[in-house]
Amino acid sequence: MLRYAFLLPLALAAAPAGAQSWQVDRAGSSVGFETTVSGGAVTGEFSDWSAEIVLDPADLDNATISARVLTSSGTTGNGQMDSSMLSDSGLNPSEYEAATFVSEDIRATDEGYEAHGTLAMAGTARDIVLPFTLAIDGGRAVADSRYTLARADYGVGSSSWGSAAAEVTLVLHIEADAAE
């Protein structure tokens, strides 16, 4: 019943000299999603993901985010919905092992930050703007993001899905420690 695609956590890659790299605290972080199926709220998460983060608010020119989510690790806790989500017409993990997000363009906004990058899943890549908040206290950073996408934009779901999970909101909570 639940059919959709998505995700990616906040992450970042290859650190130029002087840029701040972050080590993600997997135990304190999560990559989740919310959607609606048959009028009911559905939530889920992806348990297998990685992220590389290089970010210094004072040096956004060298900031990067790179995230990878293994699509087969998605679960809602409902076997029927999970089966649909992970089917060939869903995220299709047998053909598309991972969803990825890569950004080399991070910008400050009045509300926080935006990562301008490419989200790829189920064989389709689209440019997106991922908004996020960021709080840094000493050597600890906490970032939160919510991004809503249309699953059909990524070719996820068959015509039989109708309006089920037509929109999926990625819910990202990333905690990280400054790398030495």
Side-chain angles (χ1 to χ4, degrees), residues 1-14 24 29-37 42-55 60-76 81-82 84-134 143-174:
M1 314 250 312
L2 170 50
R3 295 92 167 170
Y4 36 101
F6 29 89
L7 257 53
L8 58 111
L10 251 172
L12 325 195
V24 173
S29 302
S30 61
V31 174
F33 58 90
E34 300 171 348
T35 192
T36 302
V37 176
V42 174
T43 61
E45 68 179 330
F46 289 86
S47 61
D48 197 348
W49 55 271
S50 61
E52 296 176 7
I53 303 168
V54 176
L55 182 86
L60 293 178
D61 288 343
N62 290 311
T64 61
I65 296 174
S66 176
R68 176 180 164 92
V69 176
L70 293 185
T71 53
S72 64
S73 74
T75 183
T76 64
M81 288 186 193
D82 291 351
S84 294
M85 175 177 65
L86 301 176
S87 70
D88 289 351
S89 63
L91 292 174
N92 194 2
S94 62
E95 188 170 345
Y96 305 106
E97 177 183 53
T100 60
F101 177 72
V102 177
S103 173
E104 295 178 351
D105 181 4
I106 314 301
R107 304 174 191 180
T109 69
D110 290 340
E111 295 79 32
Y113 297 87
E114 294 177 340
H116 295 247
T118 303
L119 174 60
M121 77 178 98
T124 300
R126 292 190 171 272
D127 290 338
I128 69 166
V129 177
L130 183 71
F132 64 97
T133 59
L134 175 65
D144 286 291
S145 178
R146 294 177 66 83
Y147 177 78
T148 301
L149 60 88
R151 68 163 167 76
D153 287 350
Y154 291 88
V156 174
S158 66
S159 60
S160 67
W161 287 24
S163 64
E167 290 188 335
V168 177
T169 300
L170 308 178
V171 182
L172 311 174
H173 176 77
I174 304 299

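Computed from a predicted model, the values in this text were never measured in an experiment. The first residue of the sequence shown is numbered 1, and numbering continues consecutively from there.
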Apply the test side-chain contact (heavy atoms from CB on, under 4.5 Å) to residues Leu130 and Leu172: give CA-CA distance (whole Å), side-chain angles for both, the deciding distance (0.1 Å), then the verdict. CA-CA 10 Å; Leu130 183 71; Leu172 311 174; 4.2 Å; yes

Are Asp144 and Leu134 side-chain neighbours, meaning at least one heavy-atom pair lies under 4.5 Å? no

Considering all heavy atoms, the nearest Ala51-Val24 contact: O-CG2, 3.8 Å

Which residues pass the side-chain hydrogen bond (donor to acceptor under 3.5 Å, both in side chains) test with Arg146, sequence neighbours left out? Glu34

Distance-minimising heavy-atom pair for Leu86 and Ser72: CD1-O, 3.9 Å

Residues two or more places apart in sequence or in another chain: which of them pass salt bridge (Lys or Arg N to Asp or Glu O under 4.0 Å) with Glu167? none

Check whether any side-chain N or O of Thr71 sits under 3.5 Å from a backbone N or O of Glu97 as a donor-acceptor pair, and report yes or no. yes

Shortest non-hydrogen separation from Ala164 to Val37 and the atoms involved: CB-CG1, 4.2 Å

Is there side-chain contact between Met121 and Leu149, with heavy atoms separated by less than 4.5 Å? yes

Can you name the residues that form a side chain to side chain contact (heavy atoms under 4.5 Å, CB included) with Asp61, not counting sequence neighbours? Asp59

Any chance you could lay out the side-chain contact (heavy atoms from CB on, under 4.5 Å) test for Phe33 and Thr76, step after step, and finish with the verdict? CA-CA 9 Å; Phe33 58 90; Thr76 64; 3.8 Å; yes

Taking all non-hydrogen atoms of both residues into account, name the closest pair between Val156 and Leu91 and its distance. CG1-N, 4.3 Å

What is the distance from atom CZ of Arg68 to atom CG of Asp48, rounded to the nearest 0.5 Å? 9.0 Å

Could you give me the CA-CA distance, side-chain angles and deciding distance for Ile53 and Ile174, then say whether side-chain contact (heavy atoms from CB on, under 4.5 Å) is met? CA-CA 10 Å; Ile53 303 168; Ile174 304 299; 4.0 Å; yes

Treating Ser163 as the side-chain partner and Ala166 as the backbone partner, does any N or O pair qualify as donor plus acceptor under 3.5 Å? no

With heavy-atom distances below 4.5 Å as the criterion, would you say the side chains of Leu70 and Pro93 are in contact? no

Taking the inter-plane angle between the rings of Tyr113 and Phe132 on a 0 to 90° scale, is it parallel (under 30°), tilted (30 to 60°) or perpendicular (over 60°)? parallel

Spell out, as yes or no, whether a donor-acceptor pair under 3.5 Å connects the side chain of Thr118 to the backbone of Asp127. no

If you look at every heavy atom in Glu111 and Thr133, which pair is closest and at what distance? O-CG2, 3.9 Å

side-chain contact (heavy atoms from CB on, under 4.5 Å) between Tyr154 and Leu119, worked out: CA-CA 10 Å; Tyr154 291 88; Leu119 174 60; 3.4 Å; yes

State, to 0.1 Å, how close Val102 and Ser66 come at their nearest heavy-atom pair, and which atoms those are. CG2-OG, 4.2 Å

Rounded to the nearest 0.5 Å, how far apart are CG of Leu60 and CD of Glu104? 14.0 Å

Rounded distance [0.5 Å steps], CE in Met81 versus OG1 in Thr75: 11.0 Å

Is it the case that the side chains of Ser84 and Asp82 hold a donor-acceptor pair, with the cut-off being a distance below 3.5 Å and no angle test? no

